[in-house]
Structure formats: structure tokens, C-alpha cells
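Shown next, in C-alpha cells, is the structure this report addresses.
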Amino acid sequence: MLKTRLIALSLTLILPVSAFAAAMIESRDGRGETTRIYVQGDKARIEMPRQEGFMVMDVKNKTMKVVMHKERTVLDMSDLLKDDGGATTQDQGRYVDAYTKSKGLGPRLAGYETEEYEIYADNNYCGSVFVSVRALNDIGLRKFAAAFQNMADQVQKKITGMTGMQVEQYMDPCNQAEQKLSDQLQDIGFPLKSVDARKRLESVVTRIDRNARLPANAFVIPANYQHTNPTKMMHDATQQMKQMQPQMQEMMKNMPPEMRDMMRQQMQQYQ
């Protein structure tokens, strides 16, 4: 998947013009599903397609919670917004030569002129984003950009700390190029559309309302839903792997030497 994360994250960076008005950004993905995002002050509400749930983010209090109605669960991701002082993740994967090329004017979207930027990884075309500097200046983005960047760093540090695995080692070159581009969004403009390497639509902003009415209880988290968090889930998975080690060691006795060595290396990550 290419640039869907770029659009999703950049949409949540928007701040309203007035503290008393909410900004609403409506977008459509390549499958025709619609997503709406509401932002008011330091808070954002990102709605999932088909009313499956929503996410509430508060950058002032550093909280982020995902509400999933079908599972009646709240995934509390707040700890990923807070710097725990851990070591910075080092990219130990192979070097990817990621860069962009400006292709000039793109289509007019949601009332804004756009400029097309092609994304490349190791000289291979990965897709394009269509950005607007005017939209960036009109609706502003700073707090949410910093919060999401910190969240991405925290996710990588926590995964590395718990498993010993570097996230970048398993990323596709185009995904690495996309990640690098996300750090430059506030310099090149607000992305209003993205297409993949085959020019297929991934996401497009269809409407921006800077004086929208918030949904009822827009930032309220259901009190009767079960609460969990990704750090606990990762910790529980690690503990389960540790508990399974005796059984896995017994199974390894009858394995070929090559497979036995591979399994042993994997098990050492959870010790």
C-alpha cells in the first residue's frame, strides 16, 4: 500500500482557524469509502469508514484512543505520544535512495490548486502526491505533525526494545521513501490526493469545511467498552513466546540443523 498512510496522517494534522469552529475534512479512498476528520483546537476525531469506529487525539494532554464499536473495545495508544527517553531507533536496513520530483501543476481539489510530486526509491517510481501550499497555510498544521512524528518514533523504539528487531529492515523501499516524504510535508504543502505506482487512486480529499458542526459527543470515549493498549499487547505476546520456549526447544531436537539454527535465532529475540 502506498501513500495511504501519508494522506491519513497528514489529514489529522489540520488545525481550525477559530477555537470555536471545527474543521471537517472529507476524503475518499480507491475503493470509494469515505472518511471524515474533525479538528477543534488541540483535539481531532478521525472517523472510520462504515461507522466502524473512530479515533480521538488530544495533543495538549498527549492522549490518543481508538474506539472499535464491533469489538466494543478502546485501544489506548497514549503512551506512544510520550517520549520515554529510550534510545533512538537506528536504521540497520539497507540504504534507500529516496527522493521526489516536482511535475508541475496538478488538478484543482477541494477548492485548491495542487502541485504534483513524484516519489522515487532507488530510481523506481513509487507513486505521486498532489499537494497545496495554500491549503497548508489556510488551515495550518504544527501540533499534530509533531505528535504523529513522535508517535512513529516511539512505535519503532518500543518494537526494537521488546523484540530486538529493527522496523526498517522489513520495510519495502517505497514505504521507506514514503516515510521520508512524510517528514517534509510541512515544507512542500498539504497532500490532497495520492496515487500508487500504477497511477491508481489511493486517496483524495473531496471536501474541506472550516466551519463544520461537530458530531454529538465527538471527543467522548464510551465508558462501557473494554480498554487495552498496544504496549500491553506487545508485552503479552513477548511473554507468550517466552512461555513457549521449552516446547519449541523440544520440537527443535528432531529438526534439520539449518532449521534448528534459524529457530534458535528467533527465540533469542525474546530472551
Side-chain angles (χ1 to χ4, degrees), residues 1-15 23-37 39 44 46 91 93-153 155-156 167-168 170-210:
M1 296 190 338
L2 181 64
K3 293 167 299 309
T4 300
R5 184 176 67 88
L6 261 183
I7 293 292
L9 292 185
S10 57
L11 286 175
T12 58
L13 309 180
I14 299 174
L15 296 176
M24 190 281 293
I25 306 91
E26 184 177 270
S27 64
R28 174 174 48 85
D29 65 17
R31 295 173 297 180
E33 295 185 340
T34 299
T35 299
R36 291 184 180 87
I37 298 165
V39 182
I46 301 94
D91 182 2
R94 72 177 183 85
Y95 172 75
V96 174
D97 183 18
Y99 58 93
T100 60
K101 286 183 181 179
S102 173
K103 300 298 291 183
L105 290 178
R108 185 177 180 85
L109 299 168
Y112 292 96
E113 300 291 342
T114 64
E115 181 177 0
E116 179 182 1
Y117 280 85
E118 292 183 337
I119 305 172
Y120 289 85
D122 296 332
N123 295 322
N124 294 315
Y125 175 69
C126 296
S128 297
V129 290
F130 299 82
V131 301
S132 168
V133 175
R134 181 184 170 190
L136 177 71
N137 294 332
D138 280 357
I139 54 187
L141 62 93
R142 289 294 179 270
K143 298 178 183 179
F144 289 91
F148 265 101
Q149 186 59 50
N150 184 62
M151 180 188 70
D153 293 341
V155 169
Q156 294 189 19
V167 176
E168 295 89 345
Y170 305 94
M171 289 180 65
D172 178 86
C174 280
N175 287 340
Q176 292 195 44
E178 177 185 320
Q179 180 171 305
K180 292 181 180 179
L181 176 63
S182 66
D183 298 334
Q184 307 169 10
L185 288 180
Q186 53 187 312
D187 296 322
I188 65 173
F190 178 70
L192 297 175
K193 180 181 178 181
S194 72
V195 297
D196 66 13
R198 297 182 180 180
K199 299 290 186 178
R200 296 175 301 191
L201 176 69
E202 291 197 331
S203 182
V204 59
V205 175
T206 54
R207 185 162 64 100
I208 296 176
D209 184 351
R210 299 173 66 195

Item to check | Residue pair Y112 / S132: nearest heavy atoms and the distance that separates them | outcome: CB-OG, 3.6 Å
Next on the checklist: Can you see whether E116 engages S128 through a side-chain donor-acceptor pair at a distance of less than 3.5 angstrom?
Outcome noted: yes
Next on the checklist: Walk me through whether Y120 and T100 qualify under side-chain contact (heavy atoms from CB on, under 4.5 Å).
Outcome noted: CA-CA 6 Å; Y120 289 85; T100 60; over 6 Å; no
Next on the checklist: Could you walk me through whether D122 and V96 satisfy the side-chain contact (heavy atoms from CB on, under 4.5 Å) test, starting with their C-alpha distance in whole Å, then the side-chain angles of each, then the deciding distance to 0.1 Å, before giving a yes or no?
Outcome noted: CA-CA 6 Å; D122 296 332; V96 174; 4.2 Å; yes
Item to check | Gap between atom CD of E26 and atom OG1 of T206 - 0.5 Å precision | outcome: 4.0 Å
Item to check | Gap between atom CE of M24 and atom CZ of R36 - 0.5 Å precision | outcome: 6.0 Å
Checklist entry - How long is the span from the CD1 atom in I46 to the OG atom in S27, to the nearest 0.5 Å? => result 11.0 Å
Checklist entry - What are the two closest non-hydrogen atoms of T114 and P107, and how far apart are they? => result OG1-O, 2.6 Å
Item to check | Donor-acceptor side-chain pairing of E115 and S102 below 3.5 angstrom | outcome: yes
Item to check | Within-4.5 Å side-chain heavy-atom neighbours: N124 and C174 | outcome: no
Checklist entry - Considering all heavy atoms of both residues, which atom of P191 and which atom of V131 are nearest to each other, and what is their separation? => result CA-CG1, 3.8 Å
Item to check | ring pair (Phe, Tyr, Trp, His ring centres under 6.0 Å) partners of Y117, counting only residues at least two apart | outcome: none
Item to check | Sub-4.5 Å side-chain heavy-atom contact between I25 and V205 | outcome: yes
Item to check | For A44 against V39, the heavy-atom pair lying closest together | outcome: CB-CG2, 4.0 Å
Item to check | Gap separating the OH atom of Y99 from the CD1 atom of I119, nearest 0.5 angstrom | outcome: 12.0 Å
Next on the checklist: Show, in sequence, the C-alpha distance, side-chain angles and deciding distance for F190 and V133, and conclude whether the side-chain contact (heavy atoms from CB on, under 4.5 Å) test is met.
Outcome noted: CA-CA 6 Å; F190 178 70; V133 175; over 6 Å; no
Next on the checklist: Can you tell me how far apart NZ (K103) and CD (E118) are? Round to the nearest 0.5 Å.
Outcome noted: 4.5 Å
Checklist entry - Between D196 and Y125, does any side-chain donor sit less than 3.5 Å from a side-chain acceptor? => result no
Checklist entry - What's the shortest heavy-atom distance between A121 and P173, and which atoms? => result CB-O, 3.5 Å
Checklist entry - Would a 4.5 Å heavy-atom cut-off, applied to side chains only, mark V204 and L109 as touching? => result yes
